[in-house]
Structure formats: C-alpha cells, structure tokens
Amino acid sequence: MSPLWQQKDLREFCKAKGIHITAYSPLGSRGAKWGDSDSLEYKVLEEIAKAKGKTVAQVSLRWLYEQRVSFVPKSFNKDRMKQNLEIFDWSLTEEELNEISKLPQRRGVLPSMIMEPSDLVREIEAEI
Ligand SMILES: NC(=O)c1ccc[n+]([C@@H]2O[C@H](COP(=O)([O-])OP(=O)(O)OC[C@H]3O[C@@H](n4cnc5c(N)ncnc54)[C@H](OP(=O)(O)O)[C@@H]3O)[C@@H](O)[C@H]2O)c1
C-alpha cells in the first residue's frame with residue numbers, strides 16, 4: 001500500500017472487520033527503483049513535498065501514518081532511514097490529502113513479482 005496503490009476497498013473491509021493493516025512496499029517500490037519520477041502521480045507528490053520542505057518519500061509515509069496503518073519501509077542508506085523516521089511532527093493539509101486521494105492507482109506489486117510461474121498457473125486454474 002502506498003499513495004499510488006491506496007487499497008480503498010481493502011481498507012474499508014478491514015476497518016469493518018477490525019483488522020489492522022501493515023503496508024509493505026510503502027514507497028511504491030517497483031523492482032529496485034521506487035516510483036517513477038516522470039509520472040504525473042510522482043509530480044503531484046513532488047509538488048506537495050516541495051511546498052512542505054519534505055521529500056516525496058516522507059510525504060508518502062506521512063500519508064500512510066495519517067491513514068492509521070503501520071508500514072515497513074526499507075532502506076540500506078542511513079540518511080534515508082533517518083529521513084523516513086522524520087514524519088511525526090508535521091501533517092498533511094485537507095487539500096493535500098484530497099489531492100493524494102485522487103491520484104491514479106496502479107498495483108505496487110504484481111503477482112508475477114512474488115510468485116513462481118507454476119503458482120500463477122495454479123491461480124489461473126483456481127479462477128476458472
Ligand atoms: N510480505 C510480502 O509479500 C512483501 C512484499 C514486498 C515487500 N515486503 C517487505 O516490505 C519492506 C519494503 O519493501 P520494498 O523494498 O518493496 O519497498 P519500499 O520500502 O517501498 O521501497 C524501498 C526502496 O525505496 C528506497 N528508499 C527508501 N527510503 C527512501 C527515501 N527516503 N528516499 C528515496 N528512496 C528511498 C530504497 O532504496 P535504499 O535502500 O537505497 O534507500 C529501496 O529501493 C521490506 O521489508 C520487504 O521485505 C514484503
């Protein structure tokens with residue numbers, strides 16, 4: 001889950017059932033590089049980040065925090081780890097939250113990224 005894959009239906013379902021969500025790939029990781037800096041979605045997040053003197057990663061993590069989910073960001077870099085922790089003493093405005101809620105959605109992790117081809121065949125067979 002991330003601003004680019006907000007999982008609104010799943011969140012509503014979990015809320016109704018009292019299930020807590022933990023977001024993996026909270027920075028919208030796709031392979032080695034997270035996000036796509038040329039995309040419109042990224043530009044919207046970048047504008048918000050610039051206006052607040054934060055980074056796109058911080059805006060994404062703050063958005064998750066404000067959705068009351070927990071999240072598991074990954075970094076091998078000490079400065080980015082620190083940056084990812086500095087999201088608790090500021091907040092997104094209603095307008096910013098509204099802009100983020102309108103971002104086009106794309107699945108962060110495709111089944112093919114985490115499954116063997118044989119698992120996919122079983123998935124397809126199960127759906128038929
Ligand atoms: N259970 C599952 O099926 C499942 C599936 C996917 C992922 N996960 C877990 O979820 C966690 C995160 O997954 P993920 O690696 O896919 O996604 P992620 O946390 O969304 O993204 C990690 C990527 O973002 C970069 N990054 C981190 N902080 C940054 C920042 N402040 N600014 C710019 N770039 C930043 C990292 O690079 P650097 O290291 O260079 O900073 C890395 O390339 C991991 O613990 C993973 O094991 C679980």
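In this chain, residues are counted from 1 in sequence order. Each ligand, and each atom within it, is numbered from 1 in the order the structure gives.
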For this session: Look at E66 together with R62 and state whether they make a salt bridge at an N to O cut-off of under 4.0 Å.
Result: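 Result for this pair is yes, salt bridge flagged.
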Exercise. Does the pair E86/K82 count as a salt bridge with the N-to-O cut at 4.0 Å?
Worked result: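 Yes, charged N to carboxylate O under 4.0 Å.
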Problem set entry | P26-ligand 1 polar pair, N/O distance under 3.5 Å |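 Indeed, backbone or side chain, P26 has an N or O that close.
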Exercise. Does L27, backbone or side chain, put an N or O under 3.5 Å from an N or O of ligand 1?
Worked result: yes
Problem set entry | D9, CG: over 12 other non-hydrogen atoms inside 6.0 angstrom |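 No, not enclosed.
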For this session: Could you give me the CA-CA distance, side-chain angles and deciding distance for E12 and K8, then say whether salt bridge (Lys or Arg N to Asp or Glu O under 4.0 Å) is met?
Result: CA-CA 6 Å; E12 270 172 35; K8 288 181 186 164; over 6 Å; no
Within the 4.0 Å heavy-atom shell around [X], which atoms of ligand 1 are there?
X   : result
F76 : 38 (P), 39 (O), 41 (O)
P73 : 19 (O)
A57 : 30 (C), 31 (N), 32 (N)

For this session: Report yes or no: do S70 and T22 form a side-chain donor-acceptor pair below 3.5 Å?
Result: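 T22 and S70 do have a side-chain donor-acceptor pair below 3.5 Å.
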Problem set entry | Side chains of S101 and Q6, donor plus acceptor under 3.5 Å | no
Quick one: does ligand 1 sit under 4.0 Å from the side chain of [X], the backbone, both or neither, non-hydrogen atoms only?
X   : value
S25 : both
V56 : neither
Q83 : side chain

Exercise. Heavy-atom contact under 4.0 Å between N84 and ligand 1?
Worked result: yes
Problem set entry | Pairwise distance CG(L45) to CH2(W63) - rounded to 0.5 angstrom | 10.0 Å
